[in-house]
Amino acid sequence: MPNKSIPNRGWHFLQIPGPSNTPERVLRAMGQPTLDHRGPEFGVLSKRILGGLKKIFQTDDHVIVYPSSGTGAWEAALVNLFSPGDKVLAYETGYFAVLWKTLAEKIGLEVEWIESDWRQGVNAQAIEDRLKKDSHKKIKGIMIVHNETSSGITSNVKAVRDAIDHVHHPALLLVDVVSSLGTTPFYQKDWGVDVAICASQKGLMMPPGLGFNSLNEKAREQAKQINKHQSYWQWEKIIEMNDTGYFPYTPASGLFYGLDESLNMIFEEGLDSLTERHRRLASACRVACEAWGLENQCLNPKEYSDSTTALIIPQGHNADDLRATILKEYNMSLGSGLGKLKSKVFRIGHLGDFNELMLMATLSGVEMGMELAKIPFQKGGVQAAIKYITDHNR
Ligand SMILES: *Cc1c(COP(=O)(O)O)cnc(C)c1O
């Protein structure tokens with residue numbers, strides 16, 4: 001009898017849609033002694049990082065780095081811009097959109113919610129129609145999630161900007177780019193995004209621990225009107241101190257070493273090649289899923305996410321059982337269904353430090369796991385992905 005309690009050897013495959021795999025180079029960079037965060041070396045490091053981040057967000061304005069998760073960065077954006085009682089408009093694309101909306105309500109904002117079924121992206125026309133009716137311009141902000149990680153859906157941010165401009169509405173556009181930055185094309189300045197919210201653990205290939213707000217001058221001015229009190233999240237104080245490379249409180253300086261290296265890696269590859277790689281690997285993944293006959297949670301092929309694929313488990317089967325089988329037998333973690341998708345959906349993360357053979361191993365693990373878990377599917381997904389990859393070589 002084989003001993004089932006023997007630990008797995010070889011790599012653990014972390015194919016959840018974030019935290020993503022941290023490359024060796026980044027891990028090594030973080031294994032350095034702690035820096036004096038008021039010393040000369042740190043100022044140089046943080047100025048280089050802040051400059052690099054601007055290039056990734058594609059903005060000339062201000063990027064704020066917090067020691068926080070993405071949730072903290074969500075809250076930061078809202079408390080800097082709005083006061084309790086202010087009205088914002090938010091759009092339901094999935095679990096993360098719901099969490100952000102709930103947070104906004106908890107801090108006292110009045111959230112108008114455009115409901116949807118978690119199977120399609122933001123409908124810009126619906127936003128335009130709502131704004132058109134807001135003749136007194138009560139709506140102060142619009143909150144959308146660029147890549148909805150729970151449902152594998154990427155929304156058209158530019159279309160939302162155009163919709164706002166079309167009706168000449170002054171509301172600020174706030175976009176969650178937590179799982180799109182560093183995976184999917186995003187142009188903050190060109191798309192007129194007033195505040196982009198991000199975190200370190202997805203496309204930026206870092207461990208969790210850093211949250212980001214990237215804001216333009218319009219957002220900064222609005223925050224100056226609102227935020228009369230000092231707080232941990234307050235942008236203005238941080239922007240002023242960042243000019244010299246320092247922070248008002250202790251930054252997560254150990255993570256800065258890692259972020260510096262992950263930015264190096266991103267610029268070595270180039271943002272265009274990076275998004276093209278994500279597109280190619282995600283497309284190969286989807287070819288496999290189609291061959292298996294599994295249904296994609298995202299209904300519109302134009303909105304398929306290049307960082308995550310969310311798949312619906314066939315009726316009468318449980319996605320969490322499948323994930324447990326794959327973890328136990330093949331030492332691979334896949335993403336669970338979140339919120340109302342629990343047990344109904346499993347998610348394949350294909351973002352960050354990821355390549356062809358990692359994709360093929362991931363798909364093999366899924367195909368073998370489905371066989372073991374007796375999920376009804378058509379064989380040949382892995383073969384179909386091989387063909388896609390070799391037909392679409394770089
Ligand atoms: C991961 C993620 C977040 C951030 O969540 P934290 O757990 O607080 O870091 C926010 N939005 C989206 C779309 C995400 O994928």
Side-chain angles (χ1 to χ4, degrees), residues 14-22 57 64-79 90-104 106-107 116 118-122 142-157 160 173-186 188 193 195-214 232-233 252 255 258-259 262 278 282 297-298 303-310 333-342 345-352 354:
L14 181 69
Q15 296 316 139
I16 59 175
S20 65
N21 291 289
T22 309
F57 281 97
I64 309 264
V65 183
Y66 296 109
S68 82
S69 80
T71 304
W74 273 342
E75 181 161 344
L78 297 179
V79 297
Y91 199 105
E92 180 177 21
T93 44
Y95 184 70
F96 288 100
V98 171
L99 286 184
W100 194 15
K101 169 229 185 200
T102 308
L103 188 157
K106 280 199 183 139
I107 63 170
S116 187
W118 298 24
R119 301 209 65 181
Q120 48 214 314
V122 174
I142 294 155
M143 298 158 50
I144 59 169
V145 176
H146 184 198
N147 184 69
E148 179 50 83
T149 324
S150 63
S151 47
I153 298 172
T154 303
S155 287
N156 185 340
V157 173
V160 175
L173 177 59
L174 282 68
V175 183
D176 170 327
V177 297
V178 178
S179 62
S180 58
L181 200 75
T183 70
T184 307
F186 177 72
Q188 177 163 9
V193 172
V195 185
I197 293 104
C198 195
S200 52
Q201 74 269 27
K202 313 252 165 112
L204 299 182
M205 307 183 287
M206 283 281 293
L210 297 176
F212 307 99
N213 279 180
S214 177
Y232 180 75
W233 302 118
L255 292 176
L259 183 58
S262 77
H278 280 83
Q297 172 71 18
C298 176
E303 297 175 328
Y304 284 154
S305 162
D306 288 339
S307 60
T308 317
T309 300
S333 297
L334 295 170
S336 60
L338 296 171
K340 68 178 183 185
L341 302 181
K342 183 173 164 39
V345 154
F346 68 98
R347 295 172 301 143
I348 302 174
H350 32 75
L351 72 166
F354 194 63

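We count ligands from 1, going down the list as the structure has it; atoms in each ligand are counted the same way. The residues of the chain are indexed from 1 along the displayed sequence. All values below were derived from every heavy atom in this structure, side-chain atoms included, with hydrogens, water molecules and symmetry-related copies excluded.
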Quiz: residues 206-214 side-chain donor-acceptor pairs under 3.5 angstrom, not counting sequence neighbours:
residue: N213; atom: OD1; partner: A77; partner atom: N; Å: 3.3
residue: N213; atom: OD1; partner: W235; partner atom: NE1; Å: 2.9
residue: N213; atom: ND2; partner: A73; partner atom: O; Å: 3.1
residue: S214; atom: OG; partner: Q188; partner atom: OE1; Å: 2.5

remark   = salt bridge (Lys or Arg N to Asp or Glu O under 4.0 Å) filter on K340, not counting sequence neighbours, yields none

Which N/O atoms of ligand 1 sit under 3.5 Å from a protein N/O, and at what distances?
residue: ligand 1; atom: 8 (O); partner: S69; partner atom: OG; Å: 2.8
residue: ligand 1; atom: 8 (O); partner: G70; partner atom: N; Å: 3.2
residue: ligand 1; atom: 8 (O); partner: T71; partner atom: N; Å: 2.7
residue: ligand 1; atom: 8 (O); partner: T71; partner atom: OG1; Å: 2.5
residue: ligand 1; atom: 9 (O); partner: G70; partner atom: N; Å: 2.8
residue: ligand 1; atom: 9 (O); partner: Q201; partner atom: NE2; Å: 2.8
residue: ligand 1; atom: 11 (N); partner: D176; partner atom: OD2; Å: 2.6
residue: ligand 1; atom: 15 (O); partner: T149; partner atom: OG1; Å: 2.4
residue: ligand 1; atom: 15 (O); partner: K202; partner atom: NZ; Å: 2.7

task = Ignoring hydrogens and angles, state whether a donor on the side chain of W118 or Q297 is under 3.5 Å from an acceptor on the partner side chain.
result =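 No - no donor-acceptor pair under 3.5 Å links their side chains.
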
Which atom pairs, one a donor and one an acceptor, fall under 3.5 Å between side chains of residues 93-102 and the rest of the protein, sequence neighbours left out?
residue: T93; atom: OG1; partner: E148; partner atom: OE1; Å: 3.2
residue: T102; atom: OG1; partner: V98; partner atom: O; Å: 2.7

request  = Test T184 against D306 for side-chain hydrogen bond (donor to acceptor under 3.5 Å, both in side chains), laying out the working first.
outcome  = CA-CA 7 Å; T184 307; D306 288 339; 5.3 Å; no

request  = Could you pull out the closest heavy-atom pair between L204 and A199, with the gap in Å?
outcome  = CD1-O, 4.2 Å

